[in-house]
Structure formats: C-alpha cells, structure tokens
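Below is one structure; the comments refer to it alone.
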Amino acid sequence: MLQTTRIKQLIHNGVLIPTYEPQSFTIRYKGKELSLTPEQEEIAVAWVKKLGTDYVKDPVFARNFVENFSKTLGVETNSKIEDFDFSEIQRWVEQEKIKKENMSREERKALAEARKKIREANKEKYGYAVLNGERVEIGYTVEPPSIFMGRGKHPFRGRWKPRVGYGDIILNLSPDVPTPTPPDGKHWKERVFDPNAMWIAKWQDKLGGEIKYLWIADTARFKQEREIEKFNKARELNEFVERIRQHIKEGLFSEDITQRKIATVSYLIDNLKMRVGDEKDKDEADTVGAVTLRGTHIKIDPSGQVKFDFLGKDSVKWVRVIRPPTQVVSNLNSFIGKPRAPIFSGVRSEHVNAFLGQVMPGLTAKVFRTYHASKSVKEYLANSKILPKDSDFEKKYVAKMANLEAAITCHHKRKLPKNWKESLKNKVNKLKTLKAKLNEVKEKSRSSSRAKRIKSFQERIRTARLNVNLTKTTRDYNLGTSLKSYIDPRLYVKWAREVSYDWKKIYPKTLQRKFAWAEDR
DNA sequence: TTCGTGACTTAGAAAGCCGGAC
DNA sequence: GTCCGGCTTTCTAAGTCACGAA
C-alpha cells in the first residue's frame, strides 16, 4: 500500500469505554425469581429493548440469544425464551419511554443540552490526537457490549458480544509521550507504536474473534491523502480501460482454463460492477461476489441470455439479466459444474488483481466500482443542461439524480422506508393542490398581480414535481454510500462552479469536511 | 503458491437531530 | 411555536487487499 506520510508523533488520551448503570433488576426463570449480576442484567435489558422488532421474531436470533443468556445465568442451555419473564425490566423500559414522551419542551431541551455537553466534554478529552504536530480528529468510543446484529442469515445473530475492558485494548502511541492513565487500578493490554498505521487503538472482538479498531478520522489530512490516491487511481483507470478490456478479451480465449476463468471474472467486475467476492468463513452469512459465484447463482438460457441471482455484501439481493459476448457465455457454460460448486474454483481475488495489474500497475478489482460510479456521475452532470440561471432546487435535483446514477451503478439498495408510500402520496397531493390553485388564479384573478402570481405558482409546481420524481426514483436506493465513498468530489466541485452553485449544498457537514481537499484541486 | 489474518474501506440500519410546514 | 418527517450522523458489520509464513 502506498504510504505518503509516515507517523513520527502520535499523541492521544486513550479511549472511552461506555459504562452500564445496573438497576438491580430481577427476572423470573420458570417462575423462579433470579437476581442478576450487572452483566446478566445488561444482557437482559438489551433483549427487552429489542422486543417488538422483527429481529426477535427470527427463531435463530431468539435461540442464539437464549442459549447464550442461559449459559451466563447457569441455567439449562436448551431453555426457551418463554421460560424467561422479563416483565420487571419491560415495565421499567416502558416507564422510561413514557417519561420521555411526557416531558415538557423545556425538559426535553435541557436533557438534549446535557447530553450534548457530555458528548462535547468526551470529545474534547478523547476525540483529538496530535499527529506530526497537527491536531486531528480521531475515533475514541469503544464498542459497548451488545446483542450481535449480524446481517442476513449470519449464524451468530442474537448472540451476546461481551464487554471490552481496558485490559483488552492495545494503544498506538509514539514513544515520546506517557501512557494515558486508565481509571483506578486498570491497565491497558499493551502500548505499541506503529509508524505506518492509521489506528489509535485496537482490541480483539470476543464474539467473532476479529480485530476491531478506532481510527484517525476522515477529516484528518493524513487520512485524506489516501482518499485522494484512491480517486486518482480510478482516474488512472480511465486512461487504461481500453487496454484492460483488450487484455480481458484475450484472456477469455486463453488455452489455460485458469486464465479463462480470471478473464471471465474480470469481465463481470467491469461490466456488472460486481465485487470480487473473496472466500468467507463458514461462521458468516452465505454471500458471494464474482469469484465465489456458484452454479445456482447463474441461469443461462439457450438464446445466450444470462441471469444472475445471488446475495451480495450485507446479504443484499442482486439480480441482473445480461446478454454478454458469446465467448463469455461459452466460458460460463464450461465452468459451471454441480449447482453447489463454485463456478470459478481455484480463482481468488489475488489472481484477479494480479491479472489486472499486468496492464495497469496497482489496479485492483474494487477500483472498477469507484471508476464506474464516478463516471456515471460525470456523464449525468455533463448531459444535464443545467444553466447558472436555473434555480437552486433544480441544481440540487440534478446533483441528487447524478448521485442516484452512482447508487444504481453500485447496487446500493435499502429496504423501503416505513412511511415511503405515504410520503410519496403527500408529495403528489401537494403537487395537485398547487396545480388546482394555479388554475383558479388563471380563471378568476383579474388583479394587476395576476401574471406575477401565475409565475410564482408555476415555479412551485416545478419544484413539487421534481420532488415527487426524486421520491419515486430514489425509492429503494441508498445514496449515502456512493456519495461518501465512490463519487470523486472534484466532479461535483467542478460542475458546481460551472453552474454557479455552492458545492457544499450537495454534501452534509461531515462530508464537506471530509472532502475539503477537493475544493482546490 | 496457498493460507491465514491484520489493516483498512465500504455498507445499510437505526438513532438522533433539525428545520420547514402548519 | 410546535411537531414530525426526513436528512444527517452514528454505529458496527462486512467487505477488500496486502503481507508474512509455511
């Protein structure tokens, strides 16, 4: 990995571990009252807070929880959720909710104020580091214990992810500073200095075993250098893309079956913007990407039409029908074996990346997604025909629609928001009302301001119409991920300048800061 | 060359907050 | 002035990829 800046100095105050206030609750197990240790209570409260969600209706989620909780309590691990009576905790949770709902405006405000104060104090204490003499923002809150909320059919969903203690945490600090003091008598696991690393602290997750980190924030210049490199790499692909495609085309016809497989995978990555899809553990949800596709995920009909149907990252359903070149179809046909067998067996991401790197040094699979997403935005903006004299709303609309193009390109789906339908209806009604009012003015008004009023209505109608369109077209797409991670911000900055629009209106506050570098490039 | 895993990036859901409609 | 919908932020899971060891 390219390392532009080495860290010589890294100073910070350690990390914040959220605490839990035990309330001395009891529960009933098979009718018998049990008092709980603070940890047991924390687990029980977490469960009660999930009641009423779809998660607890999932039998695996519930079974995993019960098995885990029973073990912690020392009761039979084959207990059922019905064996537990959490009503005391439920009552408390309910009361807290009612208390909050009945609060006066002032009380609510005061509470929010107090929360903010604590948040700011914590941020002041832990939220900054000195990195090579520069004050930068850092992540500082350690994950609190919680019920594991794996996506899709993750086999661990519902299990308890235990508390992380000071003794679990490794701090990254340069040698020239003292170790931050943990609370009374506690000790850090270790203190190290890695001048090439971007992490502040790390620990091993006790449930899944993976390493978790706290990072230098996106607002830090140090972090932004990486970001710039990423987008520059995607720009570079623009120069190489025809040569890459030629390379892929030749590979599709290779004598060597592995080469043919790698080239076919590369074709999918470039054309369908698929992720490469490395091998996963059995202890995870069964999702795939290009190299891990199995026979069941592809249907080829005799006409040469190919249908892909699988679960991708985060168990998002991915369905596409394409009509690829005949060589791709015949390759796929020859690779597909048993339904459950991997189509591209023997091929992993490292092979794909090595193959791509033969044409453009440093090119990897994921660069294609950045390249295609940014390209779709660039083209949408270029074709938009927006002029400086157009309204801010129209400019914002075009920026959003370009963003949508990127989200579609990357297949960033979301589940339909609960009130989506109603929200759309409201917007449609609003449009109708405006139209009716316009007609009324046209028919009845004789006043001197008639023309002016008509014009104003026409403008409002145009805005309302765009608003309806936006709600309809963005429907089940999540625009945030592409805006944050895939669209080269320089594209928006440049376009905004051309149409006299403030580029900052395209981004929320945090992203404006993350992309501050784009302004002068 | 493969394999395991540490480091870093990308991801959607949910919480939280804020400003526009009434 | 208030309320609530929707946007923003937070949270942490789930990817990618490089690297070291066998």
Side-chain angles (χ1 to χ4, degrees), chain A residues 1-3 18 49-50 53-55 104-105 108-109 111-112 115-116 119 139 141-144 146 148-152 154 156-157 161 170 172 194 196-199 202 204-205 207-216 218 223 226-227 230 258 269 275-281 284-285 287-292 311-316 346 348-354 356-357 362-370 373 400 407 410-415 417-420 422-423 426-427 430 467 470-471 474 476-486 507-512 514:
Chain A
M1 199 163 296
L2 245 154
Q3 200 72 51
K49 288 188 172 167
K50 292 277 183 263
T53 67
D54 287 343
Y55 296 107
S104 70
R105 208 167 45 82
R108 217 173 286 211
K109 218 170 151 185
L111 198 71
R115 259 206 309 264
K116 195 172 173 190
R119 207 170 50 231
T141 314
V142 172
E143 292 173 17
S146 64
F148 178 72
M149 306 300 290
R151 309 258 166 89
H154 196 297
F156 290 179
R157 62 197 190 276
K161 184 181 68 176
I170 301 174
N172 191 18
D194 183 344
N196 292 314
M198 313 184 84
W199 56 271
K202 66 173 176 178
Q204 185 171 33
D205 185 274
L207 179 61
E210 69 271 25
I211 312 283
K212 299 279 184 88
Y213 299 84
L214 289 171
W215 303 100
I216 294 166
D218 291 339
K223 195 78 185 282
R226 292 280 184 98
E227 186 92 337
K230 174 182 87 180
T258 305
I269 287 170
R275 298 183 185 85
V276 64
D278 253 323
E279 196 70 45
K280 296 179 68 177
D281 253 20
E284 294 175 280
T287 64
V288 298
V291 299
T292 32
L311 295 183
K313 180 177 180 180
D314 292 307
S315 299
V316 171
R348 292 187 312 276
S349 62
E350 57 199 278
H351 303 120
V352 178
N353 291 341
L356 298 172
L363 178 61
T364 61
K366 82 185 184 83
V367 180
F368 280 89
R369 284 168 62 80
T370 313
K400 267 257 152 81
C410 292
H411 197 68
H412 291 142
K413 296 287 243 178
R414 63 171 181 185
K415 70 176 181 199
K418 257 199 200 89
N419 48 4
W420 183 83
E422 195 168 352
S423 158
N426 291 341
K427 285 168 186 170
K430 197 176 155 190
N467 213 7
L470 212 52
T471 303
T474 56
D476 54 352
Y477 281 98
N478 147 30
L479 306 198
T481 299
S482 50
L483 192 65
K484 177 170 189 274
S485 302
Y486 284 101
Y507 294 98
K509 271 257 161 14
T510 46
L511 291 186
Q512 288 171 23
K514 174 182 162 97

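Chain letters run A, B, ... following the sequence lines, proteins first, then strands; residues in each count from 1. The figures that follow rest on heavy atoms only: side chains count, while hydrogens, waters and symmetry mates do not. Predicted model, so just to flag it, every value in this text is computed and none were measured.
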Does A:Lys202 have a side-chain nitrogen or oxygen under 4.0 Å from the phosphate oxygens OP1 or OP2 of B:dA7?
-> yes
Phosphate oxygens OP1/OP2 of B:dT10: is one of them under 4.0 Å from a side-chain N or O of A:Thr481?
-> no
From the options C:dC17, B:dC8, C:dG15, select the nucleotide whose nearest atom is closest to the side chain of A:Trp199.
-> B:dC8
What nucleotide among C:dA13, C:dA14, C:dC17 has an atom nearest to a side-chain atom of A:Lys212?
-> C:dA13
Checking all strands, does A:Ser423 fall into the base, sugar-phosphate, or nothing category for heavy-atom contacts under 4.0 angstrom?
-> sugar-phosphate
For A:Tyr213 and C:dA13, what is the distance between atoms OH and C1' respectively, to the nearest whole Å?
-> 15 Å
So does A:Lys366 get a side-chain nitrogen or oxygen closer than 4.0 Å to the phosphate oxygens (OP1/OP2) of B:dT10?
-> yes
Any side-chain heavy atom of A:Lys400 within less than 4.5 Å of one from A:Leu470?
-> yes
Is the base of B:dT10 touched by the side chain of A:Lys313 through a donor-acceptor pair closer than 3.5 angstrom?
-> yes
Considering just the side-chain nitrogens and oxygens of A:Thr287, establish if one lies under 4.0 Å of OP1 or OP2 belonging to C:dG15.
-> yes
Which sits closer to the 5' end of DNA chain B, A:Gly346 or A:Tyr486, going by the nucleotide each is nearest to?
-> A:Gly346
B:dA11 phosphate, OP1 or OP2: any side-chain N/O from A:Asn478 under 4.0 angstrom?
-> no
Is A:Arg414 close to A:Tyr477 at the side-chain level, that is, under 4.5 Å between some pair of heavy atoms?
-> no
Per-nucleotide protein contact string for nucleotides 13-19 of chain B, where B marks a base within reach and S marks sugar-phosphate only (heavy atoms under 4.0 Å, - for neither) | SS--S--
Nearest whole angstrom, please: distance from the C1' of B:dG4 to the CG of A:Asp281.
-> 10 Å
N/O (side chain, A:His154) to phosphate O (OP1/OP2, C:dA13) under 4.0 Å = no
Distance test, side-chain N/O of A:Thr364 to OP1/OP2 of C:dC17, below 4.0 Å = yes
